[in-house]
Amino acid sequence: MFDALSEKLEGAFKKLKGEDKLTEKNIEETLRLVRRSLLDADVNLQVVKDFIEHIQEKALGSEVLLTLSPGQQFANIVYDELRSLMGQANVPLNQAESGPTIVLMAGLQGTGKTTAAAKLALFLRKENKRALLVACDVYRPAAVDQLRTLAKQIQVPIFEKGTEANPVDIAREGIAYGQQEKVDTIIIDTAGRLQIDEDMMQELVNIKNLAQPDEILLVVDAMTGQEAANLTRVFHERVGITGAILTKMDGDTRGGAALSIRQVSGQPIKFIGVGEKVEALQPFYPDRMASRILGGGDLMTLVEKAQEEIDITDASKLEDKILNASFNLEDFVKQMRMIKKMGSFGGILKLLPGVGGKITDEQIEQGEQQLKKTEAMIGSMTPSERRNPDAIDLSRKRRIAKGSGHSIQDVGQMLNQFQQMRGMMQQMGRGGFGGMPGMGGMGGMGGGMPGMGGMGNQGRMGPAAGGGPGWRGQATKAKPPKPPKKKDRKGFS
């Protein structure tokens, strides 16, 4: 997501490297590259024009900050404008003043509308709100079956009357059922079409007039680029949408939709779909997205994922083991399982500052394969070997290699990398990761994890990684941590 745009914007900022200050000439040259980057990302033409004008006005009128280089000043201006373009802050779902909140889902076929309805229901369930799904898409083959299957999977009730009933009648009875059951939110999945047509719009208007929804969410495929913004405008003019859900943001999208929708339609993006799994729905935060576009990562989302998926008690025990040098291969496997709960390994890496646009899908795939290989080798060890990897001699390596289907050299290399990682984690664990207990080891995922050596320093964070707004106001490189004093070294390898 946004990798190509991030890379091109970074290249544009490099044009200011070595400049003493921002001038009309170097701003014009840099803006030309920024304009091209946005157009290549399929951002709406009028949006690009307004965006460039605002940046130029701010850049020429900005005060000279001695603590920032011209490149950093310009990046900060672009960050502020990106955030403004997508909305200053997250806009939560509208809530009914009394009775259940009614959410009407709209969109074309193929955008993931039905799945998005289920994802939203699960999101609300995690917030301890009871949701009801109402199946009003009676035209698309298997749409009702799909929603029924998803509802069962996420353990959320569904109201449906098959494919023969009138959608308006289904909506009426579904709302009555939701009120009777005293649910918090009623989510109505309406019919989509391959393209916008009058019958589709009129039916949507009829359901809207009946339901009087508190929220009308348009589900938009991020991969449709600036056409997504035009689609949003048409739906808004006919139906009056209150927000959008942008799906397929984990794909090879150029980013034009996310940067165009609010400006063109005037309506905010409220959620983004970041994967096919039903759990893969996130609230949309413009400031975090702007940071990711500029290579600054998204640590807040990463910490929230950790808080949601990782048992803090287990994480604290793991941190204690890191600090007292008793971290072993058994603990390593536990840590990997904890991280896997947070999503794909590549998705996690791309949330780290300085990593998003610098690590390729090929490197991520290679790293994930190496991790599977590592797990297989650890799985071939005895419990005592996993708890005491220092005791693994040549004969044990032969047995482990044979049992896992790998070479003795592979086993030896994995053990060496583990020792290196353990030493690094002991030092990083002192400061923790983003204030989260037991997260100290995550900072070294790029370079120290067994089997991940090919990623080099991609896991480095902070100003040295060339991050985006994460370094706002910093002009000097981050200093390396001081080594522990002699009296503190006891127990460390």
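Just so it is clear, the values below take in all heavy atoms, side chains as well, and ignore hydrogens, waters and symmetry mates.
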Closest non-hydrogen atom pair, Leu133 against Ala151: CD1-CB, 4.0 Å
Worked check of side-chain contact (heavy atoms from CB on, under 4.5 Å) between Gln146 and Asp137: CA-CA 11 Å; Gln146 180 188 359; Asp137 186 352; over 6 Å; no
Side chains of Phe123 and Leu93: closer than 4.5 Å at any heavy-atom pair? no
Kindly compute the distance separating CG (Asn328) from OG (Ser384), expressed to the nearest 0.5 Å. 11.0 Å
Indicate yes or no: does Arg83 engage Asp287 in a salt bridge with an N to O separation below 4.0 Å. no
Under a 4.5 Å cut-off applied to non-hydrogen side-chain atoms, are Ile378 and Met414 in contact? yes
4.5 Å side-chain heavy-atom contact, Ile269 and Val220: no
Where the side chain of Arg396 meets the backbone of Glu385, is there a donor-acceptor pair that is under 3.5 Å apart? no
Without swapping roles, check the side chain of Thr111 against the backbone of Leu108 for a donor-acceptor pair under 3.5 Å. yes
Contact between Gln417 and Thr374 at the side-chain level, heavy atoms closer than 4.5 Å - yes or no? no
Heavy-atom pair of closest approach, residues Val47 and Val43: CG1-CG1, 3.8 Å
Using modelled atom types and a 3.5 Å cut-off, is there a donor and acceptor pairing between side-chain atoms of Ser404 and backbone atoms of Ser380? no
Checking Arg125 side chain against Val156 main chain: does a donor-acceptor pair fall under 3.5 Å? no
Applying side-chain contact (heavy atoms from CB on, under 4.5 Å) between Val219 and each of Leu120, Thr247, Asp189, report the one that passes. Thr247
Atom of Arg399, atom of Met381 and distance for their closest heavy-atom approach: NH2-CA, 4.0 Å
Indicate yes or no for a side-chain donor-acceptor contact from Ser37 to the backbone of Leu33 under 3.5 Å, with no hydrogens or angles considered. yes
With the side chain counted from C-beta on, respond yes when Ile272 and Tyr285 share a heavy-atom pair under 4.5 Å apart, and no when they do not. no
I need the minimum non-hydrogen distance between Glu276 and Lys119, along with the two atoms involved. O-CE, 4.2 Å
Before you tell me yes or no, could you show the steps for Phe74 and Asn26 under side-chain contact (heavy atoms from CB on, under 4.5 Å), namely the whole-Å CA-CA distance, both residues' side-chain angles and the distance that decides it to 0.1 Å? CA-CA 11 Å; Phe74 192 84; Asn26 60 33; over 6 Å; no
Quick check for you: to the nearest 0.5 Å, what is the distance between Leu147 atom CG and Glu160 atom CD? 8.5 Å
Lys152 vs Thr149, side-chain contact (heavy atoms from CB on, under 4.5 Å): CA-CA, chis, key distance, verdict: CA-CA 5 Å; Lys152 183 178 180 181; Thr149 300; 5.9 Å; no
State the CD1-CG distance between Ile55 and Leu31, to the nearest 0.5 angstrom. 6.0 Å
How many angstroms lie between CE in Met377 and NE2 in His406, if you round to the nearest 0.5 Å? 6.0 Å
Of the non-hydrogen atoms in Ile187 and Met105, which two are nearest, and what is the gap between them? CG2-CG, 3.7 Å
Met289 vs Pro286 side-chain heavy atoms within contact, under 4.5 Å: no
To the nearest 0.5 Å, atom CD1 of Ile188 lies from atom CG of Leu132 at 9.0 Å
Could you tell me whether the side chain of Lys270 and the main chain of Pro92 form a donor-acceptor pair under 3.5 Å? yes
Contact check, side chains of Leu281 and Leu122, non-hydrogen atoms, under 4.5 Å: no
Here the gap from Leu415 atom CG to Lys397 atom NZ, rounded to the nearest 0.5 Å, amounts to 6.0 Å
Criterion side-chain contact (heavy atoms from CB on, under 4.5 Å) on Met86 and Arg262, from CA distance to verdict: CA-CA 6 Å; Met86 295 183 286; Arg262 186 181 183 108; 5.8 Å; no
Heavy atoms of Asn128 and Asp184 approach each other most closely as O-OD2, 4.3 Å
